[in-house]
Amino acid sequence: MKVCVKCTHVISFFPRSHLHHMELSNKTQISEFFLLGFSEEPELQPLIFGLFLSMYLITVFGNLLIILAISTDPNLHTPMYFFLANLSFVDICFTSTTIPKMLWNIQTQSKVITYEDCIAQMNFFIIFSVLDDFLLSVMAYDRFVAICHPLHYTIIMNPQLCGLLVLVSWIMSVLYSLLQTLMVLRLSFCTEVEIPHFFCELNQMIQLACSDTFLNDMMMYFATVLLGGAPLAGVLYSYSKIVSSIRRISSALGKYKAFSTCASHLSVVSLFYCTGLGVYLSSAATQSSHSSATASVMYTVVTPMLNPFIYSLRNRDIKGALRRFSAMAAIKGLIVLG
């Protein structure tokens, strides 16, 4: 049960300066949190450790392969694959903000995370989750230009615009994360508190605070609508125009080729938004933090893990690039061994 440091009226006979000193000391008293994770049962810990270690390694290895294949194959030096390489890099960082700390806690049989580490983890998690959102909308715009304005594609999606879109996405993500982090830093935490999650998530931090969180709640809801709704609206608008353009194509083969260029991205977008929406609805319906933590695995771990498979299995260019990269790596390995 939380004991709020704001309840100082019972000692109102103390001088104001002494009360201010007591409030400051109480607010800085919290030094660590406890990440409760998924289960308290010791026999399940090795299973959870092995499962998440496997998913993390698959995520890092799969997305790293996508980045290497795109960077080494000149045929893939196009805007679409430039954005895909950035998305793969962000997915690696996104997963790396949460899973390694959870694995370390399981291995050391400790649930402790310091206040500073918790703030840093929350900050980086916000950056990369918002970046994922922005990059998916940028990729939808790229597919919109490619299908709806094919003759002007190379002119519109020039390297300068592509770099600018990625740079703006980074700047907006970092600024938003900095704003949310500064607003959390102003909150006071009264005692050593337990976070019923496997990482320091913004909503959980706000709920555990003793001080007034009205501004934090308003900022979080406003940002959800703005930073979540605007990119999603952009994606939906782009695909509405794409569908209209595809319907006007007379031949079935032409329709198939046009749709195949955006099928992988559409799959990733659907997975990202459906899992995110599923987490929101499940947490709102059950009011259970443990259920929310379990549901969060879908968009924090499963989605970044599946993205490389979606793009490699449904994209002929990526499959060809991966084969060429594997063959080149094998030849270099034989030369070194020889």
Side-chain angles (χ1 to χ4, degrees), residues 62-94 127-128 130-174 230-246 249 254-273 303-304 306-325:
N63 283 287
L64 193 58
L65 270 181
I66 295 290
I67 295 173
L68 292 173
I70 292 173
S71 60
T72 56
D73 194 328
N75 296 324
L76 300 185
H77 292 176
T78 63
M80 183 174 91
Y81 296 111
F82 169 74
F83 295 132
L84 176 57
N86 278 273
L87 181 67
S88 295
F89 173 75
V90 170
D91 279 343
I92 292 175
C93 298
F94 184 42
I127 289 175
F128 295 120
V130 175
L131 257 175
D132 250 348
D133 195 17
F134 283 158
L135 285 175
L136 288 174
S137 62
V138 167
M139 293 172 74
Y141 174 71
D142 172 75
R143 293 298 84 207
F144 160 73
V145 176
I147 294 176
C148 299
H149 305 283
L151 299 179
H152 300 93
Y153 178 72
T154 54
I155 299 174
I156 297 175
M157 300 303 296
N158 56 73
Q160 291 77 19
L161 178 62
C162 294
L164 181 62
L165 289 172
V166 172
L167 179 61
V168 170
S169 298
W170 271 96
I171 292 174
M172 292 182 65
S173 301
V174 170
L232 178 59
V235 170
L236 293 176
Y237 175 80
S238 297
Y239 274 101
S240 67
K241 294 297 184 181
I242 288 172
V243 171
S244 298
S245 296
I246 292 177
I249 299 176
K255 290 182 179 180
Y256 173 77
K257 287 183 177 180
F259 180 77
S260 63
T261 62
C262 56
S264 298
H265 176 256
L266 187 59
S267 302
V268 171
V269 167
S270 301
L271 184 64
F272 179 82
Y273 283 108
T303 300
L306 292 181
N307 286 353
F309 292 100
I310 293 173
Y311 275 103
S312 61
L313 293 177
R314 298 184 62 90
N315 191 299
R316 189 178 303 172
D317 294 334
I318 290 290
K319 286 192 288 187
L322 288 173
R323 282 195 297 267
R324 288 188 290 272
F325 176 77

Check: Would you say K241 has more than 12 foreign heavy atoms packed within less than 6.0 Å of its NZ?
Finding: no
Notebook entry, point to check: Are any non-hydrogen side-chain atoms of Y273 and P231 less than 4.5 angstrom apart?
Noted result: yes
Notebook entry, point to check: When rounded to the nearest 0.5 angstrom, what is the spacing between CG in L135 and CG in L87?
Noted result: 6.0 Å
Notebook entry, point to check: Can you find a heavy atom in the side chain of Y239 that is under 4.5 Å from one in the side chain of C262?
Noted result: yes
Next item on the list: Please report the closest heavy-atom contact between P308 and I66, naming both atoms and the distance.
Entry: CB-CG1, 4.0 Å
Item checked: OH-OG distance between Y311 and S264, expressed to the nearest 0.5 angstrom -> 6.5 Å
Next item on the list: List the steps and the verdict of side-chain contact (heavy atoms from CB on, under 4.5 Å) for L136 and F83.
Entry: CA-CA 9 Å; L136 288 174; F83 295 132; over 6 Å; no
Note to self: Under 6.0 Å between ring centres: does that hold for F144 and H149?
What the structure shows: yes
Checklist line | Atom pair CD1/SG of I246 and C148 - distance to nearest 0.5 Å | finding: 8.0 Å
Note to self: Do V268 and L271 have side chains that approach each other closer than 4.5 Å (heavy atoms only, starting at C-beta)?
What the structure shows: no
Margin query: Checking Y81 now: which residues fulfil side chain to side chain donor-acceptor pair (under 3.5 Å) with it, not counting sequence neighbours?
Written below: N315, D317
Next item on the list: For the pair H265 (side chain) and R143 (backbone), establish whether a donor and an acceptor sit closer than 3.5 Å, ignoring hydrogens and angles.
Entry: no
Margin query: If the condition is side chain to side chain contact (heavy atoms under 4.5 Å, CB included), which residues does I92 pass it with, not counting sequence neighbours?
Written below: V60, N63, L64, I67, S96
Checklist line | L84 side chain reached by I318 side chain, heavy atoms, under 4.5 Å | finding: yes
Checklist line | Heavy-atom closest contact (A85 atom, I70 atom, distance) | finding: N-CD1, 3.9 Å
Item checked: side chain to side chain donor-acceptor pair (under 3.5 Å) against D142, all qualifying residues, sequence neighbours excluded -> Y153
Next item on the list: Write down the atom of F272, the atom of D132, and the distance for their closest heavy-atom approach.
Entry: CE1-CB, 3.9 Å
Margin query: Test: salt bridge (charged side-chain N to carboxylate O under 4.0 Å, His left out). Region: residues 75-86. Which pairs qualify, not counting sequence neighbours?
Written below: none
Notebook entry, point to check: With side chains defined as the heavy atoms from C-beta onward, is the minimum distance between L165 and F82 less than 4.5 Å?
Noted result: no
Item checked: Considering all heavy atoms, the nearest S173-S169 contact -> OG-O, 2.7 Å
Note to self: Suppose the criterion is salt bridge (charged side-chain N to carboxylate O under 4.0 Å, His left out): which pairs have a residue in residues 63-90, not counting sequence neighbours?
What the structure shows: D73-R324
Checklist line | Side chain H152, main chain A146, donor-acceptor under 3.5 Å | finding: no
Checklist line | Evaluation steps, side-chain contact (heavy atoms from CB on, under 4.5 Å), between F134 and M172 | finding: CA-CA 9 Å; F134 283 158; M172 292 182 65; 3.6 Å; yes
Check: Which pair of non-hydrogen atoms, one from N75 and one from T78, has the smallest distance, and what is that distance?
Finding: O-CG2, 4.0 Å
Next item on the list: Quick one: list whatever passes side chain to side chain donor-acceptor pair (under 3.5 Å) with N86, sequence neighbours left out.
Entry: none
Next item on the list: Dump the intermediate steps for side-chain contact (heavy atoms from CB on, under 4.5 Å) on M157 and L161, then the final yes or no.
Entry: CA-CA 6 Å; M157 300 303 296; L161 178 62; 4.1 Å; yes
Item checked: Worked check of side-chain contact (heavy atoms from CB on, under 4.5 Å) between F94 and L131 -> CA-CA 9 Å; F94 184 42; L131 257 175; over 6 Å; no
Margin query: Testing the basics here: between A69 and L76, what is the closest heavy-atom pair and its distance to 0.1 Å?
Written below: O-CD1, 4.0 Å
